[in-house]
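Step one of this worksheet: look at the structure below.
Letters A, B, ... mirror the listed sequences (proteins, then strands); counts begin at 1. Hydrogens, waters and symmetry mates play no part in the numbers below; they use all other heavy atoms, side chains included.
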There are 2 protein chains.
Amino acid sequence: MDPNRSYRHFCAMARSLELIGERWSLLVVRDLLLGPRRFSDLADSLGGITPTRLTERLRHLQAVGIVERDRRPGRREVWYRLTDAGQDLGPVVDALTLWGIRHARPAVRPDETVRAQHVLNGTKVWLDSRRIRPRKGATWVWHFPGEAYTLRYDGASWRLTRGDAQADADVVVRTTPPAWARFLATPTSGRRLPGTGIHLSGMRSAQAEFAAAFGSSLPPG
Amino acid sequence: MDPNRSYRHFCAMARSLELIGERWSLLVVRDLLLGPRRFSDLADSLGGITPTRLTERLRHLQAVGIVERDRRPGRREVWYRLTDAGQDLGPVVDALTLWGIRHARPAVRPDETVRAQHVLNGTKVWLDSRRIRPRKGATWVWHFPGEAYTLRYDGASWRLTRGDAQADADVVVRTTPPAWARFLATPTSGRRLPGTGIHLSGMRSAQAEFAAAFGSSLPPG
DNA sequence: CTGGATCCATGATGATACTG
DNA sequence: CAGTATCATCATGGATCCAG
């Protein structure tokens, strides 16, 4: 088992792919980008990966300095998190995400699992690519059953975090991962907000700005 | 042989990786980013790939709309080039290249082939990441034995093209791929220009700007 | 329940040789 | 020049089991 098979090119991209080019590796990084996760969190959000494979990938990512393993004394769980080098893979994930949005037909397939984090990362990359630029600090919160995510515009780009921004949300979206996924997969011309399984709250002007960002408009009244 | 094995995630990045995540695929794209190449050009610049694998990757990239195959009537050669979707993978290649420069120890290994295109793409990404911003239109040309490459600053980022920019070069670098690779792999504090196997020409002020961009300075006189 | 390990079948890749 | 053919090896998935 030598996942480090070299391409033998003097090429920085080839070097990167020698470290994170195997199947699943970048998906593990993607799922750690918003913060530490346990083995079983990863196994769940990665869907089809087998425990063997996940163990192997985590060990390898740890060996090359992308992932750190954190076991607190007295605690049974093991938390995995990204090192600084791992966090620096964010732009790689975003570039692949943007290309996928543009060229890889992002319709929801019937047999797919839909995770909130993945859908919202797509939302973030899409907003960045569309140059959606509200006032600095604008904050939109998605409430899904059991979890919440926040997108905040920092004046230059959008930032995705896990959890609820509490009081300072301009818009709160209540929906489910599949409902929001279907909305994103709809061409802008066919989008309606609020829509099936999507409920908005917040000041009307903020809701209108939100809807406009996604190519929709609010119904009158 | 099903290179489209789905991850079954509703995730744009996973979609992308289903199309270009297999070994060699992104390296083929990388080598086509500067223009069409023949099968044997690719086999050469990709070094270790076997003909079977290269054929398979090209067919697959063609099937998913990233590569086009072009055979002129009466000609034996087949030219491969990127579609627009393929060209859009440029940011993915650049993001991986930048990560590799920062985190994947880009020293030249003894058994590696060093291709001018790969080294200069690293040079381009490095200049972009360092925010090296000369006047708009600034043009630096590298002359290697048998081939030439041009880097030009367009006011926002650096552009790499194959071939000589002819008369409007501000600086011309005469060197070899390994010599320039060793220069790039040297920490900025240890770089010297001109250096071993690296010869500069152009107005002295332009040469000084060039050297400064790479963290070096010119010797007095 | 968390975090694995093991076994086996199959898919993906590499090495080498050869062809129109 | 642009591939095929054949065979060996490596990587991955599926299923099952196990220790703390």
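Between the CD atom of Q62(B) and the C1' atom of dG3(D) there is a distance of 14 Å, given to the nearest Å. Rounded to an integer number of Å, the gap from CG of L58(B) to C1' of dC1(D) is 14 Å. We find that CD1 of I49(A) is positioned 7 Å from P of dG13(D), with the value rounded to whole Å. Going from atom CD of E22(A) over to atom P of dT13(C) covers 12 Å, rounded to whole Å. The nearest whole Å value for the distance from the CZ atom in R57(B) to the P atom in dA12(C) is 9 Å. Atom CH2 in W79(B) sits about 8 Å away from atom P in dA2(D), given to the nearest Å. Whole-Å rounding puts the R53(B) CZ to dC10(D) C1' distance at 12 Å. Rounding to whole angstrom units, CD of residue E56(A) and C1' of dA5(C) are separated by 13 Å.
Note on R53(B) versus E56(B): salt bridge recorded, some NZ/NE/NH1/NH2 to OD/OE distance being below 4.0 Å. A salt bridge links D168(B) with R152(B); the closest basic N to acidic carboxylate O contact falls under 4.0 Å. Looking at R72(B) and D70(B), a side-chain N of the basic residue comes within less than 4.0 Å of a carboxylate O on the acidic one, giving a salt bridge.
With hydrogens and angles ignored, no donor-acceptor pair closer than 3.5 Å exists between the side chain of T55(B) and the base of dA2(D). Taking 3.5 Å as the limit, the base of dT16(C) and the side chain of T50(B) contain no donor-acceptor pair of atoms between them.
For Y80(B), a side-chain nitrogen or oxygen approaches OP1 or OP2 of dG3(D) to under 4.0 Å. For W24(B) and dA12(C), the shortest distance from a side-chain N or O to OP1 or OP2 is not below 4.0 Å. Using a 4.0 Å cut-off, some side-chain N or O of R59(B) falls inside it from OP1 or OP2 of dG3(D).
Where T52(B) and R69(A) meet DNA chain C, the nucleotide closest to each residue was compared, and R69(A) sits on the side nearer the 5' end.
Residues from residues 31-41 of chain B lying near DNA chain C, meaning a heavy-atom separation below 4.0 Å, are absent.
Among pairs with a residue in residues 182-195 of chain A, none fulfils side chain to side chain donor-acceptor pair (under 3.5 Å), at least two apart in sequence or across chains.
Ring orientation note: the planes of W158(A) and Y153(A) are tilted relative to one another, at an angle of 30° to 60°. Y149(B) and F144(B) have perpendicular rings, their planes meeting at more than 60° on a 0 to 90° scale where under 30° would count as parallel.
Looking at heavy-atom distances under 4.0 Å, R23(B) makes contact with sugar-phosphate atoms alone, never a base. Here R75(B) lies out of heavy-atom contact (under 4.0 Å) with every strand. R71(B) comes within 4.0 angstrom of no nucleic acid atom, judged by non-hydrogen atoms across all strands.
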Just do the side chain to side chain donor-acceptor pair (under 3.5 Å) check on R162(B) and Q117(B) with the steps written out, would you? CA-CA 8 Å; R162(B) 225 188 292 276; Q117(B) 177 180 345; 3.3 Å; yes
